Amino acid sequence: MLLVLWGFVAYWSWSQRKKILVSNTVILEQLTTAAEEQTLRLFRHAETSLTVSNHWLAEHPHLDPGDTPSFIALVDRLRHMSDGMLEIRMVTRSGGLHYIPRRGPRPLADVSDRDYVKAQTRMETRGFFIGNPVISRVSGKWGIPVSIPVDKGGGDVGVLFAAIELDRITKTFEAERIKPSGSVAILRADGTFLFRVPQEDHVIGLNIADTPSFKENYALSLRGIFRSSSQFVDGKERMVSFQRLRDYPLIVIVTAGIDDLLAPWRRETATLVAIAGLVSVAIGLLALILLRAMKAEEKAQKATERARREAELILTTAGEGICGIDTAGNVTFMNPAARAMLGWEHDNPIGLNLHAANHHSRPDGSTYPGEDCPVSRTLGDGETREVLGETFWRTNGAGFPVEFIVTGILDEGTVKGAVLVFRDISDRLASEQALTLQATELSRSNADLEQFAYVASHDLREPLRQVASFVSLLERRYGPTLDGDARDYITYARDGAKRMDRLIIDLLEFSRIGHRSLPVEAVNMGDVIDEAIANLRTAIVESGAQVERSSGMPVLRLVRDDMVRLFQNLIGNALKYSHPERTPIVRVAARKDADGWVVSVADNGLGIDPQFSERIFGIFQRLHTRDKFEGTGIGLAIVKKIVERADGRVWVDSVPGEGSTFHVFLPA
């Protein structure tokens with residue numbers, strides 16, 4: 001059992017890690033494609049805007065573009081079309097920078113040394129040019145300059161350029177990165193970083209052409225995905241996806257931190273390992289106790305083992321018969337077990353009427369009319385029927401008792417046939433008498449085992465107390481000499497011991513239910529609920545919640561302490577999982593049912609997805625991670641056990657985001 005358990009833990013952890021990385025690879029590639037389209041659209045718009053402006057200059061050679069209203073309006077319209085990300089500027093042939101409209105005869109700055117200006121003076125780079133990211137000498141902001149030469153018109157203007165401010169690009173790409181450590185970057189084909197979000201000033205303008213990442217990936221492929229440690233950023237290992245732009249010498253890079261991607265996997269694995277470890281310890285202790293118990297009860301155990309082996313032998317050798325039937329009741333298929341039971345080992349039953357061949361008579365030999373046969377009725381209405389006691393007849397005339405289930409085959413509401421699953425219960429009927437003799441002894445043994453489980457779980461707390469005590473002693477004695485990481489590790493160890501102690505306490509609480517000799521008495525449910533609310537007074541005040549109880553609560557014969565614990569758990573859960581944007585409101589009401597009373601606890605909290613409405617009542621079942629909500633996932637399991645001990649039942653109705661209502665049925 002332990003090998004299977006830990007094998008499952010290892011396989012699950014490995015497969016989940018692989019699945020997460022594969023799924024995030026696909027997501028990264030999709031984000032890279034989206035970022036590539038955004039970047040292509042941005043630079044294509046920049047080139048188009050500069051070209052349109054240049055054409056205007058060529059068509060109006062005698063006008064000063066810095067003071068002409070039509071050109072100013074054109075530039076303003078182009079800026080608005082880019083959502084304010086493009087600011088077109090003019091550079092005179094002597095290198096003077098002017099805004100549009102011109103803010104005076106003197107240039108705002110000398111930019112003759114900028115690469116986007118120098119590029120237009122060389123034939124090999126003249127044309128649309130993407131320059132190195134620079135800090136504006138006028139606004140003081142980072143930007144990516146793109147420029148084109150002015151060949152006609154424009155007067156003294158020699159270069160038109162557009163400054164794409166990095167702050168504005170950041171707003172566009174921030175939503176596309178995987179947080180918290182993921183990034184989106186634009187890299188020029190020569191290895192220069194033009195842009196990165198989150199913005200790191202020491203990265204902007206950095207050239208990585210000599211790094212292994214560039215040489216082995218960016219320089220060799222048009223697109224790809226690889227893992228990198230990004231030492232020039234922060235040293236964290238990342239998954240990197242890149243894509244070269246079709247029309248520009250640019251590379252779009254989207255990254256995600258490996259630690260960020262695997263964080264949910266680590267939490268789930270740690271939880272699973274903790275549970276597996278607890279189960280392993282419990283199994284080990286129970287095994288020791290069981291060995292001692294077996295020595296004291298060797299004779300009874302041998303008898304029980306003999307009965308168990310007989311039962312297993314019966315279940316192993318008895319195969320279920322399965323056959324298909326068309327709408328006329330004729331056999332369409334029959335498995336070997338069915339052929340053996342019905343006597344068709346050497347003949348072919350396909351096409352024969354099953355009722356006429358094998359279900360023609362009742363157990364006493366009288367005729368079994370076809371219209372009374374459950375199989376025939378299912379062929380008529382398509383309903384599933386389970387029959388616990390019938391007789392089938394073999395081809396040699398011998399009858400044998402069976403149990404069967406017949407299920408209609410429906411196609412768009414029309415019955416197309418049925419499937420019959422049956423088993424020969426002759427051996428089971430014979431063995432039931434022997435099994436009954438063992439029932440009393442098994443019941444007593446099970447009670448002993450439950451007590452053993454309680455004692456074993458109780459003894460688990462002692463080593464935890466020692467761990468917590470010695471960790472605290474270590475902190476007091478050596479705390480001043482330890483570094484921050486060591487003190488954090490001590491805190492983690494102490495918190496882990498506390499959480500495990502909480503788990504064990506909850507297990508003890510769970511195991512006590514039904515094992516204490518508490519009296520059954522007439523319990524006023526109104527008083528019980530009021531006591532539960534009083535016990536939760538601190539939590540109610542801290543959360544500012546409103547807890548209301550309706551009048552007309554019933555008086556039932558129950559165990560009072562169990563009822564207080566039940567409603568304390570339900571109301572406490574309503575306070576714990578409240579919606580952060582509204583005041584918690586909890587209402588407790590009761591209504592008379594046909595066989596008893598239904599007490600409901602309704603809240604306006606987070607709600608529960610209907611697919612988890614059964615799972616939440618299982619032990620250690622949590623729908624939220626521990627960093628969001630504290631707890632061990634055993635509270636609702638305790639509720640279910642208390643209700644079932646009282647011959648009742650519990651269920652939940654919920655709408656995610658609106659609230660939940662837990663219903664508790666208690667017999668009168």
Side-chain angles (χ1 to χ4, degrees), residues 1-31 178 180-182 224-229 236-241 255-291 312 315-316 449 453 456-457 460 463-464 467 489 492-493 495-497 499-504 506-507 510 608-634 636-637 640:
M1 288 177 64
L2 292 177
L3 286 175
V4 171
L5 172 64
W6 287 104
F8 167 77
V9 170
Y11 174 76
W12 180 91
S13 178
W14 172 82
S15 62
Q16 285 296 104
R17 187 180 189 276
K18 182 178 179 181
K19 181 178 179 181
I20 288 174
L21 291 178
V22 170
S23 63
N24 280 282
T25 297
V26 175
I27 293 173
L28 270 180
E29 290 176 340
Q30 294 172 344
L31 290 176
I178 299 177
S181 299
I225 188 163
F226 63 96
R227 293 172 73 161
S228 171
S229 294
K236 293 183 178 179
E237 187 177 16
R238 288 180 166 83
M239 189 175 290
V240 181
S241 175
T255 74
I258 298 295
D259 286 342
D260 298 337
L261 298 180
L262 295 179
W265 168 79
R266 289 193 181 93
R267 289 194 297 269
E268 292 172 359
T269 299
T271 301
L272 187 60
V273 168
I275 294 173
L278 187 61
V279 171
S280 299
V281 173
I283 289 175
L285 293 174
L286 286 173
L288 293 175
I289 296 171
L290 285 172
L291 286 173
E312 285 183 354
L315 294 175
T316 302
L449 291 177
S457 299
L460 285 175
L464 278 180
V467 171
Y489 297 155
Y492 298 154
D495 290 346
R499 287 197 300 272
M500 185 168 286
D501 188 61
R502 182 69 259 172
L503 281 170
I504 293 171
D506 286 346
L507 280 173
F510 186 78
I608 302 167
D609 193 314
Q611 65 176 311
F612 302 123
S613 59
E614 293 295 333
R615 172 185 166 188
I616 59 173
F617 293 104
I619 189 169
F620 297 132
Q621 297 298 314
R622 295 172 54 89
L623 303 185
H624 303 276
T625 57
R626 187 173 287 106
D627 57 347
K628 291 185 178 180
F629 296 101
E630 288 293 336
T632 60
I634 202 171
L636 290 179
K640 183 178 180 182

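Here the structure is a predicted model, which is why all the values come from computation and not from measurement. One is the number of the first residue; the rest follow in order along the sequence.
- Heavy-atom minimum distance, Thr255 versus Leu28: C-CD2, 4.1 Å.
- In this view, Lys18 and Trp14, Val22 satisfy the side-chain contact (heavy atoms from CB on, under 4.5 Å) rule, not counting sequence neighbours.
- Here Ile178 contributes atom CD1 and Leu261 contributes atom CG; the two are 6.0 Å apart, rounded to the nearest 0.5 Å.
- Two residues are said to be in side-chain contact when any heavy atoms from C-beta on lie closer than 4.5 Å; Gln16 and Thr269 fail this criterion.
- Between atom CD1 of residue Ile283 and atom CG of residue Leu288 there is a gap of 12.5 Å, rounded to the nearest 0.5 Å.
- Within a 6.0 Å radius of CG in Leu291, more than 12 heavy atoms belonging to other residues, nucleotides or ligands are found.
- Of all heavy-atom pairs between Ile20 and Trp265, the closest is CD1-CB, 3.4 Å.
- A search for side-chain contact (heavy atoms from CB on, under 4.5 Å) contacts involving Ile258 returns Arg227, Glu237, Met239, Leu262, not counting sequence neighbours.
- Atom OG of Ser280 and atom CG of Leu5 lie 5.0 Å apart (nearest 0.5 Å).
- Residues satisfying the side-chain contact (heavy atoms from CB on, under 4.5 Å) test with Phe8, not counting sequence neighbours, are Trp12, Leu272.
- Taken from CZ in Arg266 to CZ in Arg17, the straight-line distance is 7.5 Å, to the nearest 0.5 Å.
- Judged purely by atom type and a 3.5 angstrom limit, Thr271 uses its side chain to pair as donor or acceptor with the backbone of Arg267.
- For Gly182 against Asp260, the heavy-atom pair with the smallest separation is N-OD2, 4.3 Å.
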